[in-house]
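See below for the structure under consideration.
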Protein chains: 2
Amino acid sequence: MSDYPQQHSEPATAYHKSGDALPPVEQHAQQYETVRNAHETELIEDYVELIGDLLRHRGEARAADIANRMAVSQATVSKMIRRLNELGLVTSKPYRSLFLTEEGQKMAEISRTRHNVVLHFLRALGVDDSTARIDAEGMEHHVSDKTLAIMQRFTEQHQS
Amino acid sequence: MSDYPQQHSEPATAYHKSGDALPPVEQHAQQYETVRNAHETELIEDYVELIGDLLRHRGEARAADIANRMAVSQATVSKMIRRLNELGLVTSKPYRSLFLTEEGQKMAEISRTRHNVVLHFLRALGVDDSTARIDAEGMEHHVSDKTLAIMQRFTEQHQS
DNA sequence: CAAACAATTTAGCCTTGGCTAACAATCTTC
DNA sequence: GAAGATTGTTAGCCAAGGCTAAATTGTTTG
């Protein structure tokens, strides 16, 4: 939890006009903490998800492909692969294609599912495809499981 | 734009079964670039938005309040304030409360609006309040104007 | 009005995730 | 099978955004 407890700056909030009142400090703090935590895993998940997709659709995942698709230098990818390795998410022999560990596969699967739920939801909502893709990429890591479930239900009910 | 042009790793994609096929490289790259760009401004916007909210609701914005509400150390806030100052978004005399510049106010207003649209949308969708708040905080910076407009329309049509 | 407490700032550290440039390995092609 | 192109790695740089600890300034109160 937070190491930065509330001191006596702010008076206790009645939280009456829930409309645009400030949320209570603890809740507010939790919102930001949740976002910060999401950011830590976000990039990792994106890599793992992309590697999984490349393996599915191409049969192999090369660093160069990742660099192209992420619009990032090969050096950056190389460094990142090392981290993924240390985290036990991918296996890689130097100068060879990448593979996901068991754990990596699980993460890829979860990410892929989440991504698809958000993407299909946005389309069901009426967002055009290319906008939906961009927004989904950004949103996917910030949608809670609860909201995700609601999105999925919505999508099923609004299939054309 | 991207300095990392596609080379000859991947064959050209026909992009037929749009379902879960990989998007074309350029589009895929743009998705990730958009997310990276959003991340750069995200924190700045959160600070400015919070400062604006504190000014609205409390009449002043103290560094300590920001630290408490963001669950972050005062040192971190102090450093950030300096950045906001350099960016011309806030004015601050040392050891005194903060204020937003004209530009800062504009940014705060935009952020607040965007935040509220997402929050109300999630509630209209059926997400409970505290989940909606957390998700909105993370999502707001990744929702395009197009999608935002659609969310707003949806919310208006589903008011209870 | 001085002491104690609260708030702010500064200095200095760490990790992440970018980059470029130089080097190493692999693959392709003649 | 060697040359040249492509791919991958390493080294070293930078900025952002966290942190702690220590110094400084403001405020409150006995």
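Sequence lines set the chain letters: A, B, ... in the order given, protein chains first and strands last, and positions in each chain run from 1.
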A/Leu119, A/Ile134: one ILVMFWY side-chain cluster at the under-4.5 Å cut-off?
no
Give a yes or no on whether B/Leu54 and B/Ile81 share a hydrophobic cluster (residues Ile, Leu, Val, Met, Phe, Trp, Tyr; joining criterion: side-chain heavy atoms under 4.5 Å apart).
yes
For C/dC19, take OP1 and OP2 only and decide whether either is under 4.0 Å from a side-chain N or O of A/Thr76.
yes
Distance in angstrom units between [X] [atom1] and [N] [atom2], rounded:
{"X": "B/Glu40", "N": "C/dC19", "atom1": "CD", "atom2": "C1'", "result": "13 Å"}
{"X": "B/Asn37", "N": "C/dG18", "atom1": "CG", "atom2": "P", "result": "11 Å"}
{"X": "A/Ile44", "N": "C/dT15", "atom1": "CD1", "atom2": "P", "result": "15 Å"}
{"X": "B/Met80", "N": "D/dC19", "atom1": "CE", "atom2": "P", "result": "13 Å"}
{"X": "A/Glu86", "N": "C/dT15", "atom1": "CD", "atom2": "P", "result": "12 Å"}
{"X": "A/Leu98", "N": "D/dT9", "atom1": "CG", "atom2": "P", "result": "8 Å"}
{"X": "B/Asn68", "N": "C/dA7", "atom1": "CG", "atom2": "C1'", "result": "11 Å"}
{"X": "A/Leu87", "N": "C/dT16", "atom1": "CG", "atom2": "C1'", "result": "12 Å"}

How long is the straight-line distance from CG of B/Asp145 back to CG of A/Asp135, given to the nearest 0.5 Å?
9.5 Å
CD (B/Gln74) and OG1 (B/Thr76) are apart, to the nearest 0.5 Å, by 10.0 Å
Evaluate the criterion side-chain hydrogen bond (donor to acceptor under 3.5 Å, both in side chains) for residue pair B/Asn85 and B/Ser92; output intermediate values, then yes/no.
CA-CA 7 Å; B/Asn85 239 310; B/Ser92 67; 2.7 Å; yes
Using atom types as modelled, flag every donor-acceptor pair under 3.5 Å from a side chain in residues 37-44 of chain A to any protein atom, sequence neighbours excluded.
| unit_1 | atom_1 | unit_2 | atom_2 | d |
| --- | --- | --- | --- | --- |
| A/Asn37 | ND2 | A/Glu33 | O | 3.4 |
| A/His39 | NE2 | B/His39 | NE2 | 3.4 |
| A/His39 | NE2 | B/Glu42 | OE2 | 2.9 |
| A/Thr41 | OG1 | A/Ala38 | O | 3.1 |
| A/Glu42 | OE1 | A/His142 | NE2 | 3.4 |
| A/Glu42 | OE2 | B/His39 | NE2 | 3.0 |

Side chain to side chain donor-acceptor pair (under 3.5 Å): pairs with one or both residues in residues 96-109 of chain B, sequence neighbours excluded
B/Glu109-B/Arg112
Pairs touching residues 45-55 of chain B that satisfy side chain to side chain donor-acceptor pair (under 3.5 Å), sequence neighbours left out:
B/Glu45-B/His141, B/Asp46-B/His141, B/Glu49-B/His115
Check whether any side-chain heavy atom of A/Ile51 lies under 4.5 Å from a side-chain heavy atom of A/Leu84, and answer yes or no.
yes
Going through the checks in order, is the side-chain contact (heavy atoms from CB on, under 4.5 Å) test met by B/Val72 and B/Ile66?
CA-CA 8 Å; B/Val72 130; B/Ile66 298 173; over 6 Å; no
Should A/Asp65 and A/Arg69 count as an ion pair when the cut-off is N to O under 4.0 Å?
no
Distances for protein N/O vs nucleotides 8-12 of chain C N/O pairs under 3.5 angstrom?
| unit_1 | atom_1 | unit_2 | atom_2 | d |
| --- | --- | --- | --- | --- |
| C/dT8 | OP1 | B/Arg62 | NE | 3.0 |
| C/dT8 | OP1 | B/Arg62 | NH2 | 3.1 |
| C/dT8 | OP1 | B/Ala63 | N | 3.4 |
| C/dT8 | OP2 | B/Ala64 | N | 2.6 |
| C/dT8 | O2 | B/Tyr95 | OH | 3.4 |
| C/dT9 | OP2 | B/Ser78 | OG | 3.1 |
| C/dT9 | O5' | B/Ser78 | OG | 3.4 |

Contacts to DNA chain D from residues 45-52 of chain A, heavy-atom cutoff under 4.0 Å, which residues?
none
Take the C1' atoms of the five end pairs on each side of the helix from C/dC1-D/dG30 to C/dC30-D/dG1, get both axes, and report the angle to 10 degrees.
10°
